[in-house]
Undergrad: 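Here it is, the structure, as structure tokens.
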Amino acid sequence: KGNGIGQERIDEKYEAVKKSGAIGLRANSAAIGYSAVAPGVFKDPDEWRLVADTLKKYGMRQYQIVHGKNANITTENPPRSEAAINAYAAFWGNIAAEYEKRGYDVDYMIWNEYNHVPFNPDGGTVEDYIRLQEACYKAIKANDPDAFVWGMGGITVIANYYDWMEEYLK
């Protein structure tokens, strides 16, 4: 059974990926950020569960990118104020807790291409990103101590990545 976007023969496809030596796949990703139905509550459709359950079946990790504007969490895009960052981190902490309860192995990257205007339309600064990263890291690790949480996922030359990265690393 599939939904018309690549989930037909999912076992066959994931078995091939596993045989390739991959340890995991980017799954669902930002869509979860968009799926908040209330603060701390998200709805993952059946096709997302199918992907996550199949990764689990093959002993592979799920890779989530922690981003996505959702007015049920905050209207800031990306979250910048203390209240917005705390709400966003709490939301992802709840996701980590739920995924841990389901037995999923999940790694998280805090916000995708934060230095690129389409993913940062409200103009968050490097300092804002660091505060978001720290808060999400703490919330995720509090609920899934084994999760790998990382950041600094930027886009290269078209968005002044190297200047942004230099500022980030100071």
Undergrad: Side chain of K56, backbone of R102: donor and acceptor closer than 3.5 Å?
TA: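 Between the backbone of R102 and the side chain of K56 there is a qualifying donor-acceptor contact (under 3.5 Å).
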Undergrad: Is it true that atom CD1 of I23 has more than 12 heavy atoms of other residues, nucleotides or ligands lying nearer than 6.0 Å?
TA: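 12 or below, so no.
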Undergrad: Show your working on side chain to side chain contact (heavy atoms under 4.5 Å, CB included) between N143 and Y99 and close with a plain yes or no.
TA: CA-CA 9 Å; N143 290 286; Y99 279 1; over 6 Å; no
Undergrad: Kindly write out the residues that satisfy salt bridge (charged side-chain N to carboxylate O under 4.0 Å, His left out) with K101, not counting sequence neighbours, or none if the list is empty.
TA: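 So K101 forms a salt bridge (charged side-chain N to carboxylate O under 4.0 Å, His left out) with E98.
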Undergrad: Would a line drawn from the ring center of Y137 to the ring center of W92 be shorter than 6.0 Å?
TA: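 Centroid separation for Y137 and W92: 6.0 Å or greater.
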Undergrad: Report the distance from atom CD of Q133 to atom CG of D128, rounding to the nearest 0.5 Å.
TA: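 So the CD of Q133 and the CG of D128 are separated by 12.5 Å.
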Undergrad: Is a side-chain donor or acceptor of D144 paired with a backbone partner of I140 at a separation under 3.5 angstrom?
TA: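 Flag not set: sc D144 to bb I140 has no pair under 3.5 Å.
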Undergrad: Does a side-chain heavy-atom distance below 4.5 Å link V149 with K141?
TA: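 A side-chain contact exists here, since the closest heavy-atom pair is under 4.5 Å.
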Undergrad: How long is the straight-line distance from CE of M109 back to CH2 of W150, given to the nearest 0.5 Å?
TA: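 Between W150 CH2 and M109 CE, I get 5.0 Å after rounding to 0.5 Å.
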Undergrad: Just by modelled atom types, is the S81 backbone N or O under 3.5 Å from a matching donor or acceptor in the E76 side chain?
TA: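 Judged by distance alone, yes, a pair lies under 3.5 Å.
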Undergrad: With sequence neighbours excluded, what pairs up with E12 under the salt bridge (charged side-chain N to carboxylate O under 4.0 Å, His left out) test?
TA: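 For E12 the salt bridge (charged side-chain N to carboxylate O under 4.0 Å, His left out) partners, ignoring immediate neighbours, are R9.
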Undergrad: As an exercise, state the distance from CG of N77 to OH of Y88, rounded to the nearest 0.5 Å.
TA: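 Those atoms lie 8.0 Å apart.
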Undergrad: Do R131 side-chain atoms and I85 backbone N/O form a donor-acceptor pair below 3.5 Å?
TA: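 Pair absent, no side-chain N/O of R131 close to backbone of I85.
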Undergrad: Look only at the side chain of D107 and the backbone of F148, and say whether a donor-acceptor pair between them is shorter than 3.5 Å.
TA: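 Yes; at least one donor-acceptor contact below 3.5 Å.
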Undergrad: Any non-hydrogen side-chain atom of L132 less than 4.5 Å from a side-chain atom of W111?
TA: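 Answer yes - side chains close enough.
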Undergrad: According to ring pair (Phe, Tyr, Trp, His ring centres under 6.0 Å), who are the partners of Y108, at least two apart in sequence or on a separate chain?
TA: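 Y108: no ring pair (Phe, Tyr, Trp, His ring centres under 6.0 Å) contacts found.
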Undergrad: Pairing donors with acceptors under 3.5 angstrom, does anything connect the side chains of D53 and Y104?
TA: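 There is such a pair between these side chains.
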Undergrad: Drop me the distance from E127's CD to K170's NZ, to the nearest 0.5 angstrom.
TA: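 Atom-to-atom, E127:CD and K170:NZ are 10.0 Å apart.
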